[in-house]
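See structure below.
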Amino acid sequence: MTNLFTSTAAASQAQPATAPATGVGRAVLQLTGIEKVYQTRTIETVALNHVNLTINQGEFVSVMGPSGCGKSTLLSIMGLLDEPTSGTLELDGRPVQSYSDKELARLRNHKIGFVFQSYHLINDLSVLDNVELPLLYRSGVSGRQRRQRAYAALEKVGLGARTSHFPSQLSGGQRQRVAIARALAGEPEIILADEPTGNLDSVMGEEIMDLLLTLNREQGTTIVMVTHDEQQALKTQRLIRFFDGSQVS
Ligand SMILES: Nc1ncnc2c1ncn2[C@@H]1O[C@H](COP(=O)(O)OP(=O)(O)OP(=O)(O)O)[C@@H](O)[C@H]1O
Ligand SMILES: [Mg+2]
């Protein structure tokens, strides 16, 4: 696979950095000419087609588009969970390939909180243990602090009374809220949320949306959220629309 290591210089020259929008900070994530091609035995899918996109510090950006247009792929690449086939991703102004593996692991664990579309909870662990999990790999966070932060995050998403349940004992919406709590517990600078309210009723969906808006406003957390809900998207600072692997507005 061609990867982001091969095309950095050419891509950076071709596409200079976009200036940050007024009222927000420097670029935290900069995608230049990002392409993602999935190759299976029978079919090649261009999930992302030369995407150029800048996310600035403190922004709350929503991403909309039809099923299969590449939204989850975009988030995975931004969250360092997957590599593009070509193009450059810069994090805090530095190309991702210039970070060591150790630095990347730290960034994934400290800087970025990911809410997966399919939750990715561990079924053998209680709700509390699931939420504590990302904090286990942090030096300087005691067991007691870990527990406190996990409880606090679960309280925020309305699951303070479900901490000792297991994921299989929860509804879809409750699992989704555990996934959100897990991202919050790490107090990340960037939250990448893939349809965080997709399985919630409208009241709970609003509450989670308010929580994200508050985090963004009061703590300056940068948020990129995929949503199918136009009303929610309109509450964010910028709405990006995708179609067939490309940004269309
Ligand atoms: N691991 C994979 N292998 C092969 N093709 C994949 C893989 N992951 C995604 N795709 C394909 O890439 C395209 C984009 O998928 P992606 O999951 O990013 O879409 P999406 O916009 O998040 O859709 P949805 O709204 O349904 O979640 C789709 O056509 C999908 O089938
Ligand atoms: Mg998706």
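All values derive from a computational prediction rather than experimental measurement. Note that ligands are numbered from 1 as they come in the structure, with each ligand's atoms numbered from 1 the same way.
Heavy atoms only, all atoms of each residue included: Ser98 and Glu103 are closest at O-OE1, 4.2 Å.
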### Message
Under the criterion salt bridge (Lys or Arg N to Asp or Glu O under 4.0 Å), I'd like the reasoning laid out for Lys235 against Glu206: C-alpha separation, chi angles, the key distance, then a yes or no.
### Response
CA-CA 11 Å; Lys235 291 182 184 168; Glu206 287 262 310; 3.2 Å; yes

### Query
When you look at Glu132 and Arg138, which way does the salt bridge (Lys or Arg N to Asp or Glu O under 4.0 Å) test go after all the steps?
CA-CA 11 Å; Glu132 275 191 35; Arg138 298 233 180 145; over 6 Å; no

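At least one heavy atom of His228 lies less than 4.0 angstrom from ligand 1.
Between the choices Ser72, Gly65, Gly70, the shortest heavy-atom distance to atom 22 (O) of ligand 1 belongs to Ser72. For atom 8 (N) of ligand 1, the choice among Phe243, Phe242, Tyr38 with the nearest heavy atom turns out to be Tyr38.
If you number the atoms of ligand 1 from 1 as listed, the ones under 4.0 Å from a heavy atom of Ala47 come out as 12 (O), 13 (C), 14 (C). Atoms of ligand 1 lying under 4.0 Å from at least one heavy atom of Thr73, given by number and element, are 14 (C), 15 (O), 16 (P), 18 (O). Less than 4.0 angstrom separates some heavy atom of Gln117 from each of these atoms of ligand 1: 27 (O).
Taking distance alone, with nitrogen or oxygen atoms compared against 3.5 Å, Cys69 approaches ligand 1 more closely than that limit. Every N/O-N/O distance between Thr45 and ligand 1 stays at or above 3.5 Å. Ligand 1 has no N or O atom lying under 3.5 Å from any N or O atom of Thr40, backbone or side chain.
The Mg ion (ligand 2) is the vertex of the angle joining OE1 of Gln117 and OG of Ser72, which measures 80° to the nearest 10°.
The distance from the Mg ion (ligand 2) to the nearest N/O/S atom of Thr73 is not under 2.8 Å. The Mg ion (ligand 2) does not have Ser67 among its coordinating residues (no N/O/S atom, backbone or side chain, under 2.8 Å).
Looking only at heavy atoms of the protein, atom 26 (O) of ligand 1 is closest to Ser67 OG, 2.6 Å. In terms of protein heavy atoms, atom 25 (O) of ligand 1 is closest to Lys71 NZ, 2.7 Å. Scanning the protein heavy atoms around atom 13 (C) of ligand 1, the nearest turns out to be Gly68 O, 3.5 Å.
Within a 4.0 Å radius of atom 30 (C) of ligand 1, the protein has no heavy atom. Per-atom contact check: atom 15 (O) of ligand 1 touches the protein, criterion being a heavy-atom distance below 4.0 Å.
With Thr197 contributing its side chain and Leu200 its backbone, the two residues share no donor-acceptor pair below 3.5 Å. A donor-acceptor pair is defined here as one N or O able to donate and one able to accept, closer than 3.5 Å; no such pair exists between the side chain of Glu218 and the backbone of Leu215. A donor-acceptor contact shorter than 3.5 Å links the side chain of Thr227 to the backbone of Asp229. Using modelled atom types, no side-chain atom of Asn199 and backbone atom of Gln176 make a donor-acceptor pair closer than 3.5 Å.
Looking at His50, Glu35, Lys36 one by one, the single match for side-chain hydrogen bond (donor to acceptor under 3.5 Å, both in side chains) with Ser86 turns out to be Glu35. A side-chain contact (heavy atoms from CB on, under 4.5 Å) with Pro167 is found for one member of Leu125, Asn130, Ile122, Asp124 and no other, namely Asn130.
Heavy-atom contacts from other residues, nucleotides or ligands closer than 6.0 Å to CZ of Arg108 number more than 12. More than 12 non-hydrogen atoms from other residues, nucleotides or ligands lie less than 6.0 angstrom from OH of Tyr38.
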